[in-house]
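See below for the structure under consideration.
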Amino acid sequence: MPNYQHQALKIYNSLTGEKEKLTSITPGNIGMYVCGPTVYNKVHLGNCRTFISFDLVFRYLKYLDYKVRYVRNITDAGHLENDAEEGEDRIAKKARLESLEPMEIVQKYTVDFHQILATFNNHPPSIEPTATGHIIEQIEIVKSIIDKGLAYEFNGSVYFDVLKYNETEEYGILSGRKVEELMANTRDLTGQSEKKNPQDFALWKKAEPQHIMRWPSPWGIGFPGWHLECTAMSTKYLGNRFDIHGGGMDLKFPHHECEIAQGKASTGEEPVNFWMHANMLTLNGKKMAKSTGNNILPEEIFTGNNPNLSKAYSPAVARFFMLQAHYRSVLDFSDEALQAAEKGFYRLMEAYKNISQLPFSEQSSFDVDAFEQKCFDAMNDDFNSPVLIAHLFDAVKLINSVKAGKAELTQKDATKLEQVIGDFVFEVMGIHKNQSDVQQTSTGETKVSELVEMLIDLRNKARANKDFATSDKIRNQLIEMGIELKDAQGKTEFSIKS
RNA sequence: GGUCUCGUGGCCGAGUGGCUAGGCAGUGGUCUGCAAAACCAUGUACAGCGGUUCGAAUCCGCUCGAGACCUCCA
């Protein structure tokens, strides 16, 4: 029997503001769309948090034995830097700054995006469509919205008529905004003369002569509006109505609001059952953002080359750090917090590694089945990874107690425990196994292990002779290299720390 | 200015009407040649002020503080 039939997953739905039991449209199948990045710059750690959050969702849904189709777009069409009529699109601007073709920019930063997410051990999505690959689909949607009378053309551009839409539907349903309030609070942007009303948003924009990314359309040469690509690609691959749509909190308004309006206007259907929004990663208490420069790059974490960092951290540690907070909470990044996460992480990994060497007993003083269900329960409660991690540390305590002879596990339970912890840590949380292994296993590292074993042997001989000067010298010099010796039950163990 | 969210012990961070969250750091102990690790023990925590309740960190109101969105952003 598939796991989803006996595990009741609840997801916080941004649309209703409540945790709701997940019921998929097609039994056993989930369609999930997540807004991807605009590839005009390197991804920063804040971007990564969102994609790691949805990777957790993707992984857990798969662990529940759902067949998941996960679609995440690449925005490679240039969009304007603000909602004004004039202006340069951000990809074209970056191309000018780097003296490259726009598509070279797109390629360069798409590759960067993939590499970084792979380093964090994210699964690739099932389909990763690009905006420029779906111009025809986008034009078709614009046509259908015009046919419904909910969009109008002006001077080669097409705008969505929010007021007209709001007569029969509710614009602002997702973000809790009212059109009247929006009208009253609109910032006075210049150059919005083409729109009937400031809330209207572009479905298609006329390309200025200097605009490099341009396509022919029934309304002339232009390019699609930013909100449109997600509607086009989500409906193409997941249908007019699908299960889950995710994205960063900052996309809730206006982007996702506009997607709902476009979807409803063109198909008449409510496009999404569950809206999920991942919260921001902050640095110095402020949202990380490319535009303000308040951000930190993943590679800076891995090298430690950033003024905010005292040392380098592995991708697995950074991922673990993020999963220690719930995806809907703001998480503040700091070196101190990362260090604390690292220590806990290695303690967890050390315990996991020790399970296979535990002494077995006739009876168990720990209910492994109940433990497994607690892990499921944590994840079933809106993907509560911090609670899952708290449970894992209960198991760490148990393992260490068994090792110390203060608790008992049968062989069967030890095997089961190893499987459960392994599943949740590596499959669900997506911790990269090789990065988490304190004692590395590659060839070079094996030689290191052999060398360390030899030194341990020498040291123990010195200790047996009460030559503590020699034994301490060996231990102290090894710790300086990051190799830590631990004397336990007459046997010396070691761990290599990065 | 408008809308919304949040304020938890030295730090990070769950929980959300009564039952120890967890991690890191600290303190005492066990073990050890000494360490380390591990185990055991250990914290006047829920921004402030009122209110509801037998009982509130948890619900309501106000005050203060922080953040997000309202313009491209994960």
Side-chain angles (χ1 to χ4, degrees), chain A residues 17 34-38 40-41 43-54 75 79-84 87 89-90 172 175-178 181-182 184-187 189 199 226 246-255 257 277-282 285-292 295 320-321 324-326 328-334 336-345 347-348 350-351 354 378 381 384-394 396-397 399-401 403-407 463 466-468 471-472 475-476 479 484-490 492-495:
Chain A
V34 171
C35 291
T38 302
Y40 73 101
N41 220 332
V43 275
H44 63 248
L45 202 63
N47 303 120
C48 294
R49 186 190 179 198
T50 297
F51 299 118
I52 288 171
S53 294
F54 287 107
T75 298
H79 295 295
L80 300 185
E81 293 198 288
N82 55 51
D83 203 25
D89 86 60
R90 53 191 63 253
S175 55
R177 281 158 219 257
K178 304 232 178 309
E181 286 170 6
L182 286 169
N185 290 303
T186 300
R187 292 194 193 177
L189 291 171
Q199 271 60 56
W226 173 46
M249 201 77 101
D250 48 355
L251 298 183
K252 198 171 180 183
F253 187 89
H255 185 57
E257 201 69 69
H277 290 96
N279 218 139
M280 301 292 103
L281 181 66
T282 60
K286 293 244 165 44
K287 177 188 171 185
M288 281 193 201
K290 290 171 191 165
S291 52
T292 59
N295 62 45
F320 183 77
F321 162 73
Q324 271 189 315
H326 186 90
R328 280 194 290 119
S329 297
V330 174
L331 173 63
D332 192 54
F333 179 90
S334 72
E336 206 183 356
L338 207 52
Q339 258 185 47
E342 181 180 52
K343 288 189 181 172
F345 175 70
R347 199 160 88 90
L348 173 63
E350 196 77 32
N354 284 330
D381 185 15
N384 198 327
S385 55
V387 168
L388 169 64
I389 290 171
H391 294 327
L392 292 173
F393 277 105
D394 287 342
V396 167
K397 191 161 272 193
I399 292 161
N400 289 332
S401 292
K403 200 181 166 203
K406 291 181 176 174
R463 290 172 72 208
K466 302 235 185 282
D467 178 6
F468 297 123
S471 66
D472 286 356
R475 185 176 62 198
N476 291 338
I479 195 78
E484 186 177 61
L485 301 189
K486 289 168 282 189
D487 297 326
Q489 273 103 50
T492 303
E493 299 172 350
F494 74 97
S495 48

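Since this is a predicted model, take the numbers as computed values, not measurements. A, B, ... follow the sequence lines: proteins, then strands. Residue 1 opens every chain.
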Of the listed nucleotides [options], the one nearest the side chain of [X]:
X      : options             : value
A:S471 : B:G33, B:C70, B:C24 : B:G33
A:E484 : B:G13, B:C11, B:A36 : B:A36
A:D487 : B:C12, B:G23, B:C34 : B:C34
A:R347 : B:C24, B:C69, B:A36 : B:C24
A:P254 : B:C72, B:G23, B:A74 : B:C72
A:V387 : B:G33, B:C69, B:A14 : B:A14
A:A390 : B:A14, B:C24, B:A21 : B:A21
A:T50  : B:C11, B:G13, B:A74 : B:A74
A:M280 : B:C70, B:A38, B:A74 : B:A74
A:R475 : B:G13, B:A74, B:G33 : B:G33

Hey, does [X] reach any base, or is it just sugar-phosphate, or nothing, if we go heavy atoms under 4.0 Å?
X      : value
A:I479 : nothing
A:K397 : sugar-phosphate
A:H255 : nothing
A:K178 : nothing
A:G46  : base
A:L485 : base
A:K466 : nothing
A:A278 : nothing

How far, in whole Å, is [M] from [N] if one measures between their [atom1] atoms?
N     : M     : atom1 : value
B:U3  : B:A14 : P     : 27 Å
B:A57 : B:C6  : C1'   : 14 Å
B:G29 : B:G51 : P     : 47 Å
B:A25 : B:G65 : C1'   : 27 Å
B:C24 : B:C60 : P     : 35 Å
B:U53 : B:C64 : P     : 28 Å
B:C59 : B:G15 : C1'   : 16 Å
B:C69 : B:C62 : P     : 25 Å

What is the base-pairing partner of [N], counting Watson-Crick and G-U wobble geometry with both distances under 3.5 Å?
N     : result
B:U16 : none
B:A45 : none
B:A38 : B:U30
B:G67 : B:C4

Let's go through A:E350 and A:K403 carefully: what are the C-alpha distance in whole Å and the side-chain angles of both, what is the deciding distance for salt bridge (Lys or Arg N to Asp or Glu O under 4.0 Å) to 0.1 Å, and is it a yes or a no? CA-CA 12 Å; A:E350 196 77 32; A:K403 200 181 166 203; over 6 Å; no
Check: [Y] and [X] side chains under 4.5 Å, non-hydrogen atoms:
X      : Y      : value
A:T492 : A:R463 : yes
A:H277 : A:L251 : no
A:L281 : A:L45  : yes
A:M249 : A:V330 : no

Stacking between A:F468 and B:G33, defined as ring centres under 5.5 angstrom apart with planes under 30°, is that present or not? yes
Would you please classify the geometry between the A:F333 ring and the A:F321 ring as parallel, tilted or perpendicular, with 30° and 60° separating the classes? perpendicular
Any salt bridge between A:D472 and A:R475, counting N to O under 4.0 Å? yes
Sorted by position of nearest nucleotide on RNA chain B, 5' first, the leading residue of A:D332 and A:F393 is A:D332
Please figure out whether A:M249 or A:D472 has its closest RNA chain B nucleotide nearer the 5' end.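 Going by which nucleotide is closer to the 5' end, it is A:D472.
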Quick check on [N]: is either OP1 or OP2 less than 4.0 Å from any side-chain nitrogen or oxygen of [X]?
X      : N     : answer
A:S329 : B:A14 : yes
A:K343 : B:A25 : yes
A:N279 : B:A68 : no

Out of the candidates A:H255, A:E257, A:K252, only one should pair with A:S175 under the side-chain hydrogen bond (donor to acceptor under 3.5 Å, both in side chains) rule; please name it.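 With A:S175 as partner, side-chain hydrogen bond (donor to acceptor under 3.5 Å, both in side chains) holds for just one option, A:E257.
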